[in-house]
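Small disclaimer: the values here were computed from a predicted structure and weren't measured. Starting from 1, each residue takes its place in the sequence as its number.
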Amino acid sequence: MVVLHYTEMLGPDAALERMCDPEAKVSAHYLIAEDGTVTRLVPEEKRAWHAGLSYWRGHKDVNSASIGIELDHPGHLHGYRPFSEPQFEALVPLLARIVKTHDIPRANVVGHSDVAPLRKIDPGELFPWERLAEYGLCLPSPKIELGDPFDNDGAFYLALERYGYDITDGHKAVEAFQRRWRPRKIDGEIDGEIRAILFQLLLDRDRGTTR
C-alpha cells in the first residue's frame with residue numbers, strides 16, 4: 001500500500017524536525033515540500049510510523065504493509081488550500097516508481113483518512129485524486145452504470161466494509177468515503193449517489209478492472 005498524508009504543519013523544516021524526533025513517535029518514508037523537494041526519511045523496506053491506528057482491507061497494522069508519503073501542507077488546522085503544482089509534479093514520478101517496484105494496485109493507493117476514518121481527514125477534499133488517476137496511479141471516480149442497489153443503510157455499511165473501510169463509526173466511515181469519492185459534499189449521510197458510487201467500485205473490482 002501507499003498512504004498519502006499532509007503534515008498539517010507550517011513548513012517542511014518543522015515537519016522534518018518532528019518526524020526525526022524519536023520522542024514524537026511519528027515518521028514517514030518520504031516528505032515532499034511545497035516547492036517539490038523530496039526527502040527520504042525511512043528506507044522503503046523498513047517500517048515507518050505514519051498511519052497509526054488504522055485498517056484497510058483486512059490489514060489492522062497498515063504501517064507494516066505500506067509506504068507513507070507526507071505532503072508539506074498547512075492542512076485544515078492552519079488554512080486548508082489546494083496542493084502546489086511543484087509538489088504534485090514531484091509526487092507523480094516518486095509514486096510511479098514505488099507502485100511499479102512493489103507491484104501496488106491502484107486501489108491500494110489511499111489517503112490517511114481512508115485507513116483511519118475515526119481520527120484523520122488528510123490529505124482532504126482538495127487533494128487531486130482525479131489528476132493522479134490520469135497517470136494510472138490511483139483509481140479514478142467510477143462511471144456509474146446501475147444506480148442505487150442497496151435496500152437499506154445496513155447493506156451499505158456491509159458493502160463499505162467489504163470494499164476496505166473500517167466501519168466502527170459509520171458516520172466517520174461515510175465521511176471518509178465521501179472525502180475520497182465525492183469531495184464536493186461531505187456530510188457523513190448515506191444517499192443514493194454514494195450508494196451508487198460504492199456499488200460501482202465493487203462491481204468494477206469484481207470484474208477485475210480496478211487493480
For the backbone of [Y] and the side chain of [X], can you confirm whether one donor and one acceptor N or O come within less than 3.5 Å of each other?
X	Y	answer
S27	W49	yes
E34	Q87	no
E8	L77	yes
N63	A51	yes
Y157	L160	no
R205	Y163	yes
T37	A33	no

Pairwise side-chain contact, [X] with [Y], heavy-atom cut-off 4.5 Å (strictly under):
X	Y	answer
H171	E189	yes
I98	Y30	yes
S141	I197	no
D122	S113	no
Q200	L202	no
L132	V92	yes
V2	V110	no
I144	F199	no

Got a sec: does the CD of E130 have more than 12 other heavy atoms crowding it under 6.0 Å? yes
Against the six-membered ring of F88, is R131 placed for a cation-pi contact (under 6.0 Å from the centre, within 45° of the normal)? yes
Does R180 make a cation-pi contact with Y165, if we ask for NZ or CZ under 6.0 Å from the ring centre and within 45° of the axis? no
Lys/Arg-Asp/Glu bridge criterion (N-O < 4.0 Å) met for [X], [Y]:
X	Y	result
R119	D166	no
R18	E70	no
R195	D151	no

Pair K185, E125 - check salt bridge (charged side-chain N to carboxylate O under 4.0 Å, His left out), show working. CA-CA 9 Å; K185 183 180 180 182; E125 60 276 10; over 6 Å; no
Decide whether W181 and L198 are clustered together by the hydrophobic rule: side chain heavy atoms of Ile, Leu, Val, Met, Phe, Trp, Tyr closer than 4.5 Å, transitively. yes
Can V99 be reached from L71 by stepping across I, L, V, M, F, W or Y side chains whose heavy atoms are under 4.5 Å apart? yes
Determine, stepwise, if the pair L201 / F177 fulfils side chain to side chain contact (heavy atoms under 4.5 Å, CB included). CA-CA 12 Å; L201 287 168; F177 184 80; 3.8 Å; yes
State the OG1-NE2 distance between T7 and H78, to the nearest 0.5 angstrom. 8.5 Å
Distance alone, cut at 3.5 Å: any donor-acceptor contact between the side chains of [X] and [Y]?
X	Y	value
H59	S54	no
E44	H102	yes
H50	H29	no
W56	D114	no

According to the interplanar angle, ranging from 0 to 90°, do the rings of Y80 and H76 count as parallel (below 30°), tilted (30 to 60°) or perpendicular (above 60°)? parallel
Ring-plane angle category for H73 and Y6, please: parallel below 30°, perpendicular beyond 60°, tilted otherwise. parallel
